[in-house]
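This report refers to the structure that appears directly beneath it.
If you read the sequence from its start, that first residue is 1, and numbering goes on from there. Note that ligands are numbered from 1 as they come in the structure, with each ligand's atoms numbered from 1 the same way. Heavy atoms only: backbone and side chains are in, while hydrogens, waters and symmetry mates are out.
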Amino acid sequence: MKRPILIHPDPRLKKICEPVADLSDDLCALADDMLETMYDAPGIGLAAPQVGVLSRLIVLDCVKEEGEAPRPLVMFNPEVTAQSDETSVYEEGCLSIPEQFADVTRPTEVEVAWIDQDGKARKEGFGGLWATCVQHEIDHLNGKLFIDYLKPLRRQMITRKMQKLKRERARA
Ligand code: K1U
Ligand code: ZN
């Protein structure tokens, strides 16, 4: 089932999310819903607070090549366990901040530990777009949006645009 995506500004997008203690059927169903919502948007990642659930759960699939097999990843309690000194700049977007994009600098490579949908502990290194996306999604679990990396004036302008968008959508 597809779920509605919260639009910034929303207090739920600023909260620190709670670790997942047990993988219940409800949480696994939420992960499936999030993947469906992400692919439909379309997007390459989604974090639980973006659908209003304040738990440490993210999904991502950064396979972009047409014809290449999809690689959906579901991560409970993801944590960056190591990061490169080298940084890369990527023009990021966010499904909670539609049609706004900005350059963000992050470590080029990260190692991430997480619990998968079968309850198994996993650890893997990511680079390129995967590294950017997993860091963006983990930021969501800590109440941080990509616009928080921008200068205050640019952030304010984007926030005002989103407030206007929300008013227009509420009227429609
Ligand atoms: O967290 C989100 O809001 C999802 C976001 C993830 C992301 C994008 C870019 C850099 C870092 C993280 C998106 O998926 S925005 C949409 C998007 O980037 C995209 C959509 C379709 C095809 C390719 C990319
Ligand atoms: Zn986002």
Ion pair check, D118 and K120, cut-off under 4.0 Å: no
Could you check whether atom NZ of K2 has more than 12 heavy atoms from other residues, nucleotides or ligands sitting under 6.0 Å from it? no
Considering residues, nucleotides and ligands other than E68, do more than 12 of their heavy atoms fall under 6.0 Å from its CD? yes
Counting only heavy atoms, tell me which of Q100, Q135, M38, H136 gets closest to atom 12 (C) of ligand 1. H136
For atom 23 (C) of ligand 1, what is the nearest protein heavy atom, given as residue, atom name and distance? I44 CG2, 3.9 Å
Are the side chains of M162 and I7 in contact, using a 4.5 Å heavy-atom criterion? yes
Interfacing atoms of ligand 1 (cut-off 4.0 Å, heavy-atom, C94): 3 (O), 15 (S)
Is the count of non-hydrogen atoms from other residues, nucleotides or ligands lying under 6.0 Å from E79 atom CD greater than 12? no
Tell me, which protein residue and heavy-atom name are nearest atom 3 (O) of ligand 1, and how many Å apart are they? L95 N, 2.7 Å
P42-ligand 1 polar pair, N/O distance under 3.5 Å: no
Pair E137 + K144, salt bridge at N-O below 4.0 Å: no
Counting both backbone and side chain atoms, is some N or O of L129 under 3.5 Å from an N or O of ligand 1? no
Got an N/O contact under 3.5 Å between E137 and ligand 1? yes
Have a look at the Zn ion (ligand 2) and estimate, to 10 degrees, the angle subtended by NE2 (H136) and SG (C94). 120°
Which of the numbered atoms in ligand 1 are below 4.0 angstrom from a heavy atom of Q50? 1 (O), 2 (C), 3 (O)
Minimum-distance protein heavy atom relative to atom 4 (C) of ligand 1: G45 O, 3.0 Å
Using 30° and 60° as the class limits, which term best fits the ring planes of H140 and H136: parallel, tilted or perpendicular? perpendicular
Heavy-atom nearest neighbour in the protein, as seen from atom 9 (C) of ligand 1, with distance rounded to 0.1 Å: G93 N, 3.7 Å
Both conditions, 6.0 Å and 45 degrees, for the charged tip of R71 above the ring of W130: are they met here? yes
Should E91 be listed as contacting ligand 1, given a heavy-atom distance under 4.0 Å as the test? no
